[in-house]
Amino acid sequence: YPFCILALCFLIQGGLLGIISNCRGVFYDPICAELNIELGKLTTYSVFYGFAVCLAIPLASRAIKKWNLRCMLTGFAVLTAAVQYAMSYFQSAYQWYIAAAIEGVCYAFLFVQTVPMLINNWFSERSGFFLGIACSASGIVGAVMNPLAQQFMAAFGWRATYKMLGVVLFVLLVPACALFS
């Protein structure tokens, strides 16, 4: 069972950082060109993401002890995928700011507090090694999804690519979170 937990943590980390963070750069040029938004104005949404993560960590720390872990993680996974999908409809930079803040809160609950806690609970020895394995998913998934997202975008456009990534996030995150017990 500990290795099932490790696999689920791997999927969560792969979806959150591997897709959301590692693939965000492929969208900048096409969004800025189509919507006539300055690059700096669009990329400011990363600041909102970071602030939201930091502000949500204390709440996530308390919630993990009080809330049903499976329900909490599954809910934040659905919200994360839905926000990624919704980006396909955005028209203004402020919409990315709001979305980034929501994704930041989700990240605080889904990974920052949860994955290290689960790894430490299930791997009393060499927990750092296993946490490293779970965290390596961000690079592995990013290395696979970044070129796929670029190819998909070249064929179907940035809006369809956000939808595709939203679906992929849903498939990676929701079943993984729903399986926690």
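All heavy atoms count here, side chains included; hydrogens, waters and symmetry mates do not.
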- Out of curiosity, I19 CD1 to L148 CG, how far, rounded to the nearest 0.5 Å? 10.0 Å
- Note on the structure: The side chain to side chain contact (heavy atoms under 4.5 Å, CB included) partners of N68 (sequence neighbours excluded) come to R70, C71
- Note on the structure: Between M164 and A149 the two heavy atoms that sit nearest each other are CE-CA, 4.3 Å
- Task: Work out which heavy atom in I64 is nearest to a heavy atom in M117; give both atom names and the distance.
- Result: CG2-SD, 3.4 Å
- S88 meets the side-chain hydrogen bond (donor to acceptor under 3.5 Å, both in side chains) criterion, sequence neighbours left out, with none
Side chains of residues 133-146: which donor-acceptor partners sit under 3.5 Å, not counting sequence neighbours?
unit_1, atom_1, unit_2, atom_2, d
S136, OG, I133, O, 2.6
S138, OG, C135, O, 3.0
N146, ND2, N22, O, 2.5

- So do the side chains of L6 and Y1 get within less than 4.5 Å of each other, counting heavy atoms only? no
- Item | Pair F27 and Y162, ring centroids less than 6.0 Å apart | yes
- Shortest non-hydrogen contact from T161 toward G157: OG1-O, 2.8 Å
- Query: Any donor and acceptor pair, going by atom type alone, linking the side chain of T74 with main-chain N or O of A178 inside 3.5 Å?
  - Reply: yes
- Query: Under 30°, 30 to 60°, or over 60°: which ring-plane class applies to F90 and W96, parallel, tilted or perpendicular?
  - Reply: perpendicular
- Task: Only counting residues at least two apart or in another chain, list the ones meeting side-chain hydrogen bond (donor to acceptor under 3.5 Å, both in side chains) with D29.
- Result: none
- Task: Sort and list the pairs that fulfil salt bridge (Lys or Arg N to Asp or Glu O under 4.0 Å) and have at least one residue in residues 118-136, not counting sequence neighbours.
- Result: none
- Item | Any donor-acceptor N/O pair, Q95 side chain to Q91 backbone, under 3.5 Å | yes
Name every donor-acceptor pair, under 3.5 Å, that has one atom in a side chain of residues 42-63 and the other anywhere in the protein, sequence neighbours excluded.
unit_1, atom_1, unit_2, atom_2, d
T43, OG1, L39, O, 3.0
T43, OG1, G40, O, 3.4
T44, OG1, G40, O, 2.6
S46, OG, R24, NH1, 3.1
S61, OG, I57, O, 3.0
S61, OG, Q113, OE1, 3.1

- Give every residue pair that meets the salt bridge (Lys or Arg N to Asp or Glu O under 4.0 Å) criterion with at least one member in residues 40-58, sequence neighbours excluded. none
- Just jot down the ring-ring contact (aromatic ring centres under 6.0 Å, His included) partners of F76, sequence neighbours excluded, or say none. F109
- Nearest heavy-atom pair of F111 and L16: which atoms, and what distance? CB-CD1, 3.9 Å
- Message: Within the structure provided, determine whether M87 and K163 are in side-chain contact (heavy-atom separation under 4.5 Å).
- Response: no
- ILVMFWY cluster, F3 and I12 together (side-chain gap under 4.5 Å): yes
Compile the donor-acceptor pairs under 3.5 Å between side chains in residues 170-177 and protein atoms, sequence neighbours left out, one pair per line.
none

- Message: Tell me every residue that passes side chain to side chain contact (heavy atoms under 4.5 Å, CB included) with A82, counting only those two or more places apart in sequence or in another chain.
- Response: none
- If you look only at pairs with a residue in residues 137-161, which of them pass as a salt bridge (Lys or Arg N to Asp or Glu O under 4.0 Å), with sequence neighbours excluded? E34-R159
- Message: With clusters defined by side-chain heavy atoms of hydrophobic residues (ILVMFWY) lying less than 4.5 Å apart, directly or transitively, does M153 cluster with Y89?
- Response: no
- Message: If hydrophobic clusters are built by linking Ile, Leu, Val, Met, Phe, Trp and Tyr wherever their side-chain heavy atoms come under 4.5 Å apart, do F123 and L131 end up in the same one?
- Response: yes
- Note on the structure: For I37 and A93 the tightest heavy-atom approach is CD1-N, 3.9 Å
- Message: Please report the interatomic distance CZ(F152) to SG(C23), rounded to the nearest 0.5 Å.
- Response: 12.5 Å
- Item | Over all atoms of both residues, closest heavy-atom pair of I119 and S127 | CG2-O, 3.4 Å
- Query: Does Q13 use its side chain to pair, donor to acceptor, with the backbone of F10 at less than 3.5 Å?
  - Reply: no
- Query: Going by heavy atoms in the side chains, are L69 and L118 under 4.5 Å from each other?
  - Reply: yes
- Task: Kindly compute the distance separating CD1 (I5) from CZ (F130), expressed to the nearest 0.5 Å.
- Result: 13.5 Å
- Sequence neighbours left out, what passes side-chain hydrogen bond (donor to acceptor under 3.5 Å, both in side chains) with Y107? Give chain and number order. none
- Item | Cluster check L179, V78: I/L/V/M/F/W/Y, side chain < 4.5 angstrom | no
- Task: Could you tell me the separation between the CG atom of L73 and the OG1 atom of T80, rounded to the nearest 0.5 Å?
- Result: 10.5 Å
